[in-house]
**Student:** 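Pasting a structure here, questions to come.
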Amino acid sequence: MLIDAHNHPDYHGYTVEKIIRDMDEQGIDKTWLLTWDVPQSEYNVRSNQNTMPPGSESGIPLDRILAAGAAAPDRFVLGYAPHPKRPDSIERINSAVSLYDIRLAGEYKSRTMFDDPDSLRLLRRFGEVGLPVTIHLEYGTDSGRSNYPWRDWWYGGTIGALDRMLAACPETIIVAHGPGWWSHISNDDLFDKHMYPNAPVKSGGANPALLEKYPNLYADLSATSGYTALTRDPEFGRQYLIDHSDKLLFARDIYDNKLMDHLKTLDLPSDASDKIMYGNAEKLVGAANV
Ligand SMILES: [Zn+2]
């Protein structure tokens, strides 16, 4: 059994048909499909237009998730998260859960501090209705990309905001993701300077410390950020996977096999590997209720 715990439909050229073909080729049984609610003020022309459905204010909308679920209900687990600054964000999640088979919240990616009052209210609501939430943390690093119209593209704030949010939302399962989260695997000062720091890991990073501190915190291994964190210091990365195997989820956030190819080289103990490949993901997805 293999579960990809983070991906999106109509993303980087992958329609539902293409996703299912890719899953079959990679031996992936199920994929968690997540929205990304992008208001006009957070619309990054370059990345949104190049990788997502067309539209002035689109991101990955809920109707694309529902269409994928209708096309292959046994292959997809459906997720949705409204932007926390929508005045009706609570009502949106309530009606999504009562109308549709929504099992997850996410992707929760906005230019709002995680511990902003509107953010905390929505994150607590996810917990009340039984939805684990995948969050994206990113600092405004110099990525070398066009920054128009913002000077940089931060999301969620800081690791301190994540820490305060975890303390304030003990009943909500948080699945952490994103370059900001993963750069803190190391206890150095590179996290707000480079999107993907690749110097050897200094022990004592906030990422493993928070996983130890909060029973409601998990993390998905997706994207270049997860891959870089595990490979920048491969010996550290292997031990990290074993030490935190109760909290980590195999995930991609793009349609490639880089992470799996790396994991195969590590010869992980089978109980750790089973939890990462599907066990933790299966455990987190229950029945949502309003
Ligand atoms: Zn994503």
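Counting convention: from 1, in listed order, for ligands and their atoms alike. Fair warning: this is a prediction, and the values are worked out from it, not measured in the lab.
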**Student:** In E107, the N, O or S atom nearest to the Zn ion (ligand 1) is which?
**Tutor:**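 In E107, the heteroatom (N, O or S) nearest the Zn ion (ligand 1) is OE1.
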
**Student:** I'd like to know if D118 pairs up with R121 as an ion pair, taking the criterion as any Lys NZ or Arg NE/NH1/NH2 lying under 4.0 Å from an Asp or Glu carboxylate oxygen.
**Tutor:**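 Salt bridge between D118 and R121, a charged N being under 4.0 Å from a carboxylate O: yes.
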
**Student:** Assess whether side chain to side chain donor-acceptor pair (under 3.5 Å) is satisfied between S183 and Y196, documenting all intermediate values.
**Tutor:** CA-CA 7 Å; S183 58; Y196 307 115; over 6 Å; no

**Student:** Can you tell me, to 10 degrees, how wide the angle at the Zn ion (ligand 1) is between NE2 on H6 and OD1 on D253?
**Tutor:**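 Value, to the nearest 10 degrees: 90°.
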
**Student:** Evaluate H12 against T51 for side chain to side chain donor-acceptor pair (under 3.5 Å), listing each step before the verdict.
**Tutor:** CA-CA 4 Å; H12 289 284; T51 61; 4.8 Å; no

**Student:** My understanding is that only one of N280, I3, L2 makes a side chain to side chain contact (heavy atoms under 4.5 Å, CB included) with F250; could you say which?
**Tutor:**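 Among N280, I3, L2, the one that satisfies the side chain to side chain contact (heavy atoms under 4.5 Å, CB included) with F250 is L2.
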
**Student:** From H8, does some N, O or S atom reach closer than 2.8 Å to the Zn ion (ligand 1)?
**Tutor:**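 Yes, within the cut-off.
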
